[in-house]
Amino acid sequence: MAKQRFKIPTTLDVSYFDMEFNVKSKNGVGLNRPVLAKTILFTLLAAFCWFYLVFQTFIGKGGIPVVIGFTITWTVLSVLLAKADKTNRTGLELMFSMINYLPKTGRYVPVRMSDSVHPFKYLLNVDTVDPEDGRIHFLDGQIGHCYHIVGSASELMFEQDKQTILDKVDAFYRKLPVGVEVIYDAVYEGHSVEDQLQAVKQTKQDLNVKSKGLNTLLKEQHDILKYAINNNQGLTSLHQYLVVRAPSESTLVEFENLLIGDVEGDGLMFRLAKTLNHKEMERYFKSFLGPHNIFEKRITSR
């Protein structure tokens, strides 16, 4: 029986500062959402600092207008830094990201082949891609692959089929090896017809008769595939990719066996999962980095 309700599991990367408290008055009236422990501590710290600055420094000697102006400024700043967003990150935690974002170098990463490759690697967390099999080596030492995937879900499916797929997806994620991270990416790009071109070429080689009409027909099919359809930006469609990160070779093999087992088995979660080689990885990166980028010559091999 498929689940009727779903939730996002609580991350294990939490501390005592991430504890939540329901703040209520004696009448039972409280806030709409729980308050984090770090928000409460930062608020108390901001209040103590205000008392110290007002009563122990030159600010308190500046007169009432100075104290009022400082209080308003301090209150607004404290609220911005103590307030938590929907991901339970306070403004103070986002300050470090903002500091890295303020310089132009932190907001602009050139990807021309004449530019340095290090900012680009840091942005993608990709060190190299093997020319032999397209294996990805990440900067943190992990390895992985990128797969072109096709799912089986559809809005036109019967309710029973939807429940079966949900059960299969739940079982798939429960079997994920420890330490494996999967990243899904959807890209609008032109169609790749390399397999179809190879099929036309093979058909031409397998012809047992000399026929001018058949040769003309095969040439026409080849030209349509290569010049009218292949990577035609006017014929874009949604393509889905899966990038997997694994801490070791054995863990990556374990994940690949799980993925292959689903495709070759019922195919409920994935109807197709094709490992991208180096050439296909270039095409994947070009879909959002542009036709000329440093991936072509700078991220190739160790």
Side-chain angles (χ1 to χ4, degrees), residues 8-9 11-15 18 85 87-90 92-149 172-173 175-189 239-260 273-302:
I8 300 177
T11 176
L12 298 177
D13 187 20
V14 294
S15 63
D18 296 299
D85 58 11
T87 61
N88 289 339
R89 294 180 302 174
T90 62
L92 182 62
E93 295 175 89
L94 298 177
M95 283 288 294
F96 303 101
S97 299
M98 186 188 70
I99 293 174
N100 296 328
Y101 183 78
L102 285 178
K104 186 178 180 180
T105 55
R107 292 176 280 116
Y108 174 74
V109 179
V111 294
R112 296 183 297 270
M113 288 194 295
S114 59
D115 295 312
S116 174
V117 73
H118 299 291
F120 179 69
K121 286 185 175 182
Y122 179 77
L123 176 66
L124 297 182
N125 191 28
V126 174
D127 186 15
T128 59
V129 177
D130 288 342
E132 294 81 9
D133 57 359
R135 174 171 294 183
I136 306 172
H137 297 267
F138 296 93
L139 291 178
D140 55 5
Q142 293 190 337
I143 57 176
H145 275 294
C146 183
Y147 304 88
H148 183 205
I149 58 174
F172 179 87
Y173 284 116
K175 295 178 182 178
L176 273 182
V178 178
V180 169
E181 178 184 359
V182 291
I183 305 169
Y184 293 97
D185 186 21
V187 179
Y188 279 98
E189 60 182 5
H239 296 253
Q240 291 184 316
Y241 295 91
L242 183 150
V243 181
V244 59
R245 289 161 43 91
S248 63
E249 175 80 21
S250 59
T251 309
L252 180 61
V253 172
E254 185 178 353
F255 170 82
E256 290 178 340
N257 293 335
L258 178 63
L259 181 63
I260 294 173
K274 178 184 178 183
T275 306
L276 300 188
N277 56 33
H278 187 269
K279 184 177 180 180
E280 291 168 332
M281 285 293 296
E282 285 187 2
R283 182 175 180 271
Y284 168 62
F285 277 97
K286 286 180 182 179
S287 64
F288 55 88
L289 291 175
H292 303 289
N293 58 77
I294 57 180
F295 177 84
E296 297 181 4
K297 293 185 178 180
R298 307 295 289 276
I299 303 182
T300 53
S301 63
R302 288 188 175 276

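What you are looking at is a predicted structure, and each value in this text was computed from that prediction instead of being measured. Starting from 1, each residue takes its place in the sequence as its number.
Checked for salt-bridge contact, Lys175 and Glu254 miss the test: no charged N lies under 4.0 Å from a carboxylate O.
For the side-chain contact (heavy atoms from CB on, under 4.5 Å) with Arg245, the qualifying choice from Val180, Thr251, Asn125 is Asn125, the only one to do so. For the side-chain contact (heavy atoms from CB on, under 4.5 Å) criterion with His145, the lone passing option out of Leu242, Asn277, Leu252, Val243 is Leu252.
Of all non-hydrogen atoms in Leu139 and Lys121, the two that sit nearest each other are CD1-O, 3.4 Å. In terms of heavy atoms, Ala246 sits closest to Gln142 at O-CB, 3.3 Å. In terms of heavy atoms, Gly179 sits closest to Pro247 at O-CD, 3.5 Å. Across Asn88 and Glu93, no two heavy atoms sit closer than the pair O-OE2, 3.9 Å.
Atom OH of Tyr184 has more than 12 heavy atoms from other residues, nucleotides or ligands within 6.0 Å.
Taking CZ from Arg283 and CG from Leu276, the interatomic distance works out to 9.5 Å, rounded to the nearest 0.5 Å. Atoms OG1 and NE2, from Thr128 and His137 in turn, are 4.5 Å apart once rounded to the nearest 0.5 Å. Once rounded to the nearest 0.5 Å, the distance linking CG of Asp18 with CZ of Arg89 reads 12.0 Å. Considering CE of Met95 and CG of Asn100, their distance stands at 11.0 Å, rounded to 0.5 Å. The line from CG of Asp127 to OH of Tyr122 is 14.5 Å long, rounded to the nearest 0.5 Å. Annotation: the span from Asp85 atom CG to Leu94 atom CG amounts to 6.0 Å, rounded to 0.5 Å.
If you check the side chains of His278 and Asp130, you find no donor sitting under 3.5 Å from an acceptor. Judged purely by distance below 3.5 Å, without hydrogens or angles, the side chains of Tyr241 and Glu280 never pair a donor atom with an acceptor atom.
In this pair, Phe172 and Phe255 present their aromatic rings perpendicular. The plane angle is above 60°, beyond the 30 to 60° band.
Contact check for Asp185 versus Gln240: no side-chain heavy atoms found under the 4.5 Å cut-off. In this structure, Tyr147 and Leu259 have side chains that are in contact, with non-hydrogen atoms separated by less than 4.5 Å. Taking 4.5 Å as the limit, some side-chain heavy atom of Ile136 sits within range of a side-chain heavy atom of Met281.
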The test is side-chain contact (heavy atoms from CB on, under 4.5 Å); show your working for Val182 and Tyr173 and say whether it passes. CA-CA 10 Å; Val182 291; Tyr173 284 116; 4.2 Å; yes
